[in-house]
Protein chains: 2
Amino acid sequence: MQRQTRQRRTIRSVLQQAGRPLSPTEILAACREELPRLGLATVYRNLKALVASEWLHVVELPGAAARYEVADKGHHHHFHCRYCDGVFEIDDCPGNLAALTPPGFDLEHHEVFLFGACPDCRQNHDSGSR
Amino acid sequence: MQRQTRQRRTIRSVLQQAGRPLSPTEILAACREELPRLGLATVYRNLKALVASEWLHVVELPGAAARYEVADKGHHHHFHCRYCDGVFEIDDCPGNLAALTPPGFDLEHHEVFLFGACPDCRQNHDSGSR
DNA sequence: GTCGTTGCAAAGCGTTTGCAGCCTA
DNA sequence: TAGGCTGCAAACGCTTTGCAACGAC
């Protein structure tokens, strides 16, 4: 169980080198540079398996397709660039969200998302609109 | 433009009376008590129009279908119950999220989601597992 | 009567599954 | 060589669109 295939190795390597959460199609595109015949279904199946084995972490975004990131980081949140659609890691966390929880509710988990422009898009955006 | 149809009136009334963000199917189910022949497509078309006219607000949730709420409230966030899948409003906001923004990024907007058990489910959950 | 609106069914789109052949261990 | 893995295509669930009939103004 869990064989070392060319496809799985490539998918892992792409995610490892990305440095940021990737979407299934981003992963497919990157892997196809090395494996042109790779299918999307294979990407999804491997992502599912890698999440199950806790090697990957799913980043569910509001109003956007899920991204996948290597699960070797601690608790953190994400910044979603509105312009290039890229997702970036934020090391910090506002903390103390229990204070926001209304009485009677049981808080188990939380998510914080920041939206705006990443450094690259900020530059292009600024210079373009000025 | 923007006629007053029985369908549109019912959809608005259901959303107004809900007191919490509703999903398209929740809206359909509620409206069908009064209009059994109402179609999902009509619900979607009206939601789109009501959002465009800024009467409604879309609540995009991570990993769940979007909900819709009447757009007469100020800035707030949401609590998503893992058990009944219901979404509830949270009046508060942690604030100062600019402090989390990494250098070089331009923060335009943010979202905070709390997950856990709503009062009803907390009770059922507790008593069920004990 | 006009033309925005509706219900139904079909089309889209991202994700999942079935299946025969492939390839790792 | 066995059984997990792959590519392809079909199936799926949610959302959108096409179209002819309907009904608000």
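Labels below follow one simple rule: chain letters A, B, ... track the order of the sequence lines, proteins then strands, and each chain is numbered from 1.
- In terms of polar N and O atoms assigned as donor or acceptor, the side chain of A:Arg45 never comes within less than 3.5 Å of the base of D:dG4 in a complementary pairing.
- Here the C1' atom of nucleotide C:dG14 and the CG atom of A:Leu40 are 9 Å apart, to the nearest Å.
- Within the 4.0 Å cut-off from OP1 or OP2 of D:dC5, at least one side-chain nitrogen or oxygen of A:Gln2 is found.
- If you measure from atom OH of A:Tyr68 to atom P of C:dG14, you get 14 Å, rounded to the nearest angstrom.
- Within the 4.0 Å cut-off from OP1 or OP2 of D:dT6, not a single side-chain nitrogen or oxygen of A:Thr42 is found.
- Partners of A:His57 under the ring-ring contact (aromatic ring centres under 6.0 Å, His included) rule, at least two apart in sequence or in another chain, do not exist in this structure.
- Remark: C1' of C:dC13 and CG of A:Leu28 are 15 Å apart, rounded to the nearest angstrom.
- Nucleotide D:dC14 holds its C1' atom 13 Å from the CZ atom of B:Arg67, rounded to whole Å.
- Proximity note for A:Ala41 (side chain, C-beta onward) versus D:dT6, C:dG7, D:dA9: the nearest is D:dA9.
- Below 30°, between 30° and 60°, or above 60°: for B:His77 and B:His110 the angle between ring planes is between 30° and 60°, a tilted geometry.
- Distance from the side chain of A:Arg37 is smallest for D:dG7 among the nucleotides C:dT6, C:dA25, D:dG7.
- Hydrophobic clustering of Ile, Leu, Val, Met, Phe, Trp and Tyr side chains at less than 4.5 Å, counting indirect connections, unites A:Val14 with A:Val70.
- For B:Phe79, the ring-ring contact (aromatic ring centres under 6.0 Å, His included) partners two or more places apart in sequence, or in a different chain, are A:Phe105.
- Where A:Arg32 and B:Lys48 each meet DNA chain D at their nearest nucleotide, the meeting point lying more 5' is that of A:Arg32.
- Of the inter-residue distances, the one linking A:Cys31 atom SG with A:Arg37 atom CZ reads 15.5 Å to the nearest 0.5 angstrom.
- In this structure, A:Ala66 and B:Leu38 both approach DNA chain C, and ranking their closest nucleotides by distance from the 5' end singles out B:Leu38.
- For the pair A:Arg20 and A:Phe88, the cation-pi criterion (under 6.0 Å, within 45° of the ring axis) is fulfilled.
- Pairing each heavy atom of A:Tyr68 with each of A:Leu15, the nearest pair is O-CD2, 3.3 Å.
- DNA chain C is contacted by B:Thr5, B:Gln7, B:Arg8 of residues 4-11 of chain B, taking any non-hydrogen atom closer than 4.0 Å.
- Across the protein-nucleic acid pair, B:Arg12 atom CZ and C:dT5 atom P stand 12 Å apart, rounded to whole Å.
- One interatomic measurement links the two molecules: CG of A:Leu47 to P of C:dT17, which rounds to 14 Å at whole-angstrom precision.
- Nearest nucleotide to the A:Arg3 side chain, out of D:dC8, C:dC8, D:dG4: D:dG4.
- Put simply, CG on A:Leu35 is 12 Å from P on C:dC23, counting in whole angstrom units.
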